[in-house]
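Heads up, the thing below is written out as structure tokens.
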Amino acid sequence: MDTFDEDDEEAGVACMLMRGGTSKGAYFLAGDLPADPARRDDLLLRLMGSPDTAQLDGIGGGHPLTSKVAVVSRSPEPRADVDYLFLQVHVAEALVSAGQTCGNILAGVAPFAIERGLVPAEGDETRVRIRILNGDGVATAYVDTRGGRVRYAGGTYISGVPFPAAPVTLCFEGTEGATCGSLLPTGSVRDEIAGVAATCVDNGMPVVVVAAGALGATGYESPTELEADAALTARVEEIRLRAGALMGLGDVRTTTVPKVALVAAPRDGGTISARTFIPHRVHTSIGVLGAVSVATAVLLDGSVAAEAAGRTAPGGPLRIEHPTGYFDALIEVSGTGAGLRVRRSGVVRTARKLFDGVVWPRRP
Ligand code: NQM
């Protein structure tokens, strides 16, 4: 594909729309977008249809989980095959944020990279090493490429997606402290923040873990019920703003991190139950690295998550129950308590190509 013509305001842009895990996003080659971040973000707002709660004039879906962008390029680093920059295109505001990554959209990066010829399909399963530019971690994705091309059809179900598809296995390394610089960004396993006990953790996603009961919730509410509770959402935001500063993230009023996870005891045989504010809507399931971070918090002795969790099978997957099912995360660690170190984490997702074509932006 030719490099994006920055001077042609009516030019269409090559784009692949994909469902990645439980999110939906637009995937672009970096060379098809303006190199200047301000021009790129302005273009993305017009392509996605923001600012508008319905994103009617663009290809966004009117919700943070369907207003996401992946920018992919060949990696200059020997430890990776491709670079992945995640951009959250805000729905109702003219704002594009690179302040977090997205593990769900990540699930589509390897299929996209193979389809666009950045990585050759090799054998029945192709390994693609992806450097996450929003932090410093590397994810290794394993994609079904039987017959020499990406296979999207398959029999794997993930909670929150009604139909089965081919599995995309993701292994993470170096995600510990990816955004905040350390696994425990406040330096403690447990803090008191705005009057409640909280565990602040970053294993790929900065998350503030709070017991749902401490905020008068059960932790089993639906996203709609939680979003309708104005007193609760105000309290969650108060905790988030204070936690953001304590986690070294500064003033987080307009940023999408940290997330806040309200946790409770599991109800369906899992490890823990979670409802995640991402941060102003409630996730209909749970983010990938959000889940990895909550699961890691479970392994921290004395944390709010460990207190809420049921018994965990040593070495087995940690199952996080969420509004539409469950999410299994494998976390390999060494050490305990504040000395806990993460070796790697693994999850299974699915992804599907929805369309591949050219999208035309609204004129500036
Ligand atoms: O935590 C939502 C999602 C995400 C992010 C969000 C994600 C992750 O489910 O890795 O996947 O927390 O904004 O798409």
Side-chain angles (χ1 to χ4, degrees), residues 17-27 48 60-70 84-91 93 95-109 130 132-135 137-139 141 158-161 168 170-172 174-176 178-180 201-209 223 226-227 236 240 244 249 252 254-262 274-297 318 320 322-329 331 342 345-352:
L17 189 72
M18 294 190 113
R19 174 182 64 74
T22 50
S23 286
K24 193 149 60 174
Y27 291 68
M48 300 301 278
H63 189 284
L65 295 177
T66 54
S67 182
K68 303 191 160 205
V69 165
Y84 157 52
L85 177 70
F86 170 71
L87 296 169
Q88 179 72 51
V89 179
H90 289 238
V91 175
E93 290 155 287
L95 200 63
V96 177
S97 166
Q100 70 162 86
T101 190
C102 175
N104 274 306
I105 291 300
L106 171 67
V109 169
I130 303 161
I132 301 170
L133 295 184
N134 309 79
V138 171
I158 57 171
S159 296
V161 181
V168 178
L170 299 172
C171 300
F172 297 101
T175 51
E176 195 181 359
T179 304
C180 302
V201 64
D202 173 11
N203 187 13
M205 186 64 71
V207 179
V208 185
V209 182
L226 292 171
E227 287 177 3
V236 166
R240 195 181 83 84
L249 295 168
V252 298
T254 59
T255 64
T256 56
V257 286
K259 316 288 181 187
V260 180
L262 304 192
R275 300 290 183 269
T276 324
F277 286 74
I278 59 164
H280 301 124
R281 301 294 305 268
V282 176
H283 207 300
T284 49
S285 56
I286 190 166
V288 172
L289 287 155
V292 164
S293 289
V294 170
T296 307
L318 298 163
I320 300 175
H322 59 63
T324 43
Y326 60 84
F327 187 108
D328 285 339
I331 318 284
V342 180
S345 325
V347 304
V348 175
R349 301 273 84 192
T350 63
R352 205 171 76 76

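Order of appearance sets the numbers: ligands from 1, and atoms from 1 within every ligand. These values consider heavy atoms only, across backbone and side chains, with no hydrogens, waters or symmetry-generated copies.
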Look up atom CG in N104 and atom CG in L65, then write down how far apart they are to the nearest 0.5 Å.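 Here the rounded value is 8.0 Å.
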Which one of V288, V138, I331, V342 satisfies the side-chain contact (heavy atoms from CB on, under 4.5 Å) criterion with F172? V288
So which atom in T101 and which in N134 form the shortest heavy-atom distance, rounded to 0.1 Å? OG1-OD1, 3.8 Å
Could you go through ligand 1 and note, for every N or O atom, any protein N or O atom closer than 3.5 angstrom, writing the atom names and distance to 0.1 Å, or 'none'?
| from | atom 1 | to | atom 2 | distance (Å) |
| --- | --- | --- | --- | --- |
| ligand 1 | 1 (O) | V288 | N | 3.4 |
| ligand 1 | 1 (O) | L289 | N | 3.2 |
| ligand 1 | 1 (O) | G290 | N | 2.9 |
| ligand 1 | 9 (O) | N104 | ND2 | 2.6 |
| ligand 1 | 9 (O) | H283 | NE2 | 2.4 |
| ligand 1 | 10 (O) | G103 | N | 2.7 |
| ligand 1 | 10 (O) | V288 | N | 3.3 |
| ligand 1 | 10 (O) | L289 | N | 2.6 |
| ligand 1 | 11 (O) | G103 | N | 3.1 |
| ligand 1 | 11 (O) | N104 | N | 3.0 |
| ligand 1 | 11 (O) | N104 | ND2 | 3.2 |
| ligand 1 | 11 (O) | V288 | N | 3.2 |
| ligand 1 | 12 (O) | K259 | NZ | 3.4 |
| ligand 1 | 13 (O) | Q100 | NE2 | 3.4 |
| ligand 1 | 13 (O) | K259 | NZ | 3.0 |
| ligand 1 | 14 (O) | S23 | OG | 2.4 |
| ligand 1 | 14 (O) | K68 | NZ | 2.6 |
| ligand 1 | 14 (O) | N104 | ND2 | 3.4 |

Applying side chain to side chain contact (heavy atoms under 4.5 Å, CB included), can you list everything that pairs with T66, at least two apart in sequence or on another chain? K24, H63
Among all residues two or more places apart in sequence or in another chain, which pass the side-chain hydrogen bond (donor to acceptor under 3.5 Å, both in side chains) test with D328? R319
Could you work out, with ring-ring contact (aromatic ring centres under 6.0 Å, His included) as the rule, every residue matching Y27, not counting sequence neighbours?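 So Y27 forms a ring-ring contact (aromatic ring centres under 6.0 Å, His included) with F112.
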